[in-house]
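Just so you know, ligand 1 is whichever comes first in the structure, and atom 1 is the first atom listed for that ligand. Hydrogens, waters and symmetry mates are skipped; everything else that's a heavy atom, side chains included, is used.
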Amino acid sequence: MKIEDPKLVAAIRELGNDLERGTSLAELTYLGIGGTTDLIRIHRHEAIPDLLNLLDSQGISHRFLGGGSNLLVVDGELPFVVVQLAKPSDEVLIDGNIAAIDAAADLGRTVTFCAKHNLGGMEGLIGVPGTVGGALRMNAGAYGTQIGSYVREVKVYRAAARRIEILKGDQISFEYRHTSFAPDDMMLSVKLELPSKPFSEILQGIRICNEKRRASQPLGQKSAGCIFKNPPGASAGRMIDELGLKGFSVGDARVSDRHANFFVNAGKASASDMLALIANVRERVRGAYGVTLENEVVVWNA
Ligand code: EPU
């Protein structure tokens, strides 16, 4: 979508936001798939309510983008603009066992920054790509750690109330790859309470997780991590593997040879290739196991 009205363009910029025209979502997502639209980068959280009221008043719909690591976007000219937080200069502030983190901060860098301040607990999240806000939104987890366990407070733009609110950790429920945030809530910052641990011990944990990940996941390739959630008591990756589907492809969208729940863009995969591959694999798993796999990847349809 192109924002045409020069007055609206000026008003967006006057609120302190950057407006980038015709941005390719393929360049902003780890899958390397997605069409084009205008992108608004927000520098001040306080400007968000005015910005979104402005877009709404002009009938312009929007989507919030985090780090783009768990996202599949359709192709072509997108019928919505994309809103993303700009990276702040101070991503993490430490006070005792509390780390106050901007939602736009990179998750991996945050884990190591906290480690250097002898704050641990998040070792398992080290190789999870994306932003802290994205991880929070869906309660990212790996190797027995989930970010929700450490949340003490979240600053969030609540679209339903059209205002910024501070929520305490116990007002939010964190489940497996799911939280009680509304789909249109926008994470702004979070306070995590982390256990004290010597840096050397945290580093050891980080090394172990990195090795496990390198051994089982296709790290150098374009992917959105696991495509499906694990059904209760089972592994989507193992089921897909058992059906002999590693390497199965639609166009350049391909089931990874390394981990069957990772689908990679092996070249110039389109969104429809990837969506067809997802639908096909889901159907085969349903036929063989009677289980309907749920997407873990977030899909932005037109
Ligand atoms: N397996 C296979 N073949 C495969 C893949 C896995 O047989 O192609 C088997 C493994 O040998 C293992 C079992 O399935 O016995 C589980 O595999 P793995 O340990 O790789 O974990 P997973 O359940 O597939 C989950 C998360 C990952 C996270 C890892 C490590 C989900 C959907 N996936 O994967 O998260 O990194 O555990 O904790 O919960 C993600 O969310 O995007 C993601 C990659």
Side-chain angles (χ1 to χ4, degrees), residues 29-33 65-73 106-108 110-111 120-150 174-179 181 187 202 204-249 253-266 274 277-278 280-282 284-286 288-289 291-300:
T29 54
Y30 280 57
L31 263 177
I33 295 175
L65 176 67
S69 57
N70 192 44
L71 183 62
L72 169 57
V73 184
D106 176 78
L107 179 61
T110 301
V111 174
M122 294 200 292
E123 293 84 330
L125 294 173
I126 190 66
V128 176
T131 61
V132 169
L136 191 61
R137 166 125 234 6
M138 63 173 308
N139 192 21
Y143 305 111
T145 306
Q146 51 173 31
I147 192 168
S149 314
Y150 301 106
F174 292 98
E175 291 142 52
Y176 168 63
R177 304 292 195 273
H178 183 265
T179 64
F181 292 114
M187 308 297 113
I202 304 173
Q204 185 61 14
I206 285 177
R207 288 214 179 100
I208 292 169
C209 292
N210 274 338
E211 271 163 35
K212 284 191 194 163
R213 200 177 284 279
R214 258 198 303 274
S216 65
Q217 300 182 359
L219 300 189
Q221 287 174 280
K222 290 181 185 173
S223 89
C226 286
I227 283 286
F228 300 112
K229 292 183 190 180
N230 284 335
S235 159
R238 183 182 293 147
M239 289 193 278
I240 300 167
D241 192 359
E242 279 173 3
L243 291 175
L245 293 174
K246 278 184 170 167
F248 176 58
S249 53
R254 184 181 159 93
V255 177
S256 161
D257 292 316
R258 193 161 255 254
H259 192 300
N261 197 14
F262 278 63
F263 292 8
V264 300
N265 173 2
M274 193 54 80
L277 183 65
I278 293 171
N280 195 311
V281 171
R282 177 183 285 119
R284 287 172 188 239
V285 168
R286 203 188 56 74
Y289 296 92
V291 171
T292 304
L293 295 175
E294 226 183 280
N295 279 2
E296 209 256 73
V297 66
V298 174
V299 179
W300 283 0

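Sorted by chain and number, the residues within 4.0 Å of ligand 1 by heavy atom are Ala142, Tyr143, Tyr176, Arg177, Arg213, Gln217, Gly225, Cys226, Phe228, Asn230, Ser235, Gly237, Arg238, Asp241, Lys246, His259, Ala260, Asn261, Phe262, Glu296.
With sequence neighbours excluded, the residues satisfying side-chain hydrogen bond (donor to acceptor under 3.5 Å, both in side chains) with Tyr289 are Glu242.
Not one N or O on the side chain of Ser256 forms a donor-acceptor pair closer than 3.5 Å with the backbone of Pro218. Looking at Asn230, its side chain never comes within 3.5 Å of a backbone N or O of Ser235 through a donor-acceptor pair.
Counting only residues at least two apart or on different chains, the side chain to side chain donor-acceptor pair (under 3.5 Å) pairs with a member in residues 216-225 are Arg213-Gln217. The list of side chain to side chain donor-acceptor pair (under 3.5 Å) pairs with a residue in residues 291-300, not counting sequence neighbours, reads Asn70-Glu296, Arg177-Glu296, Lys229-Glu294, Arg282-Asn295.
There is a side-chain donor-acceptor pair under 3.5 Å between Asn280 and Arg284.
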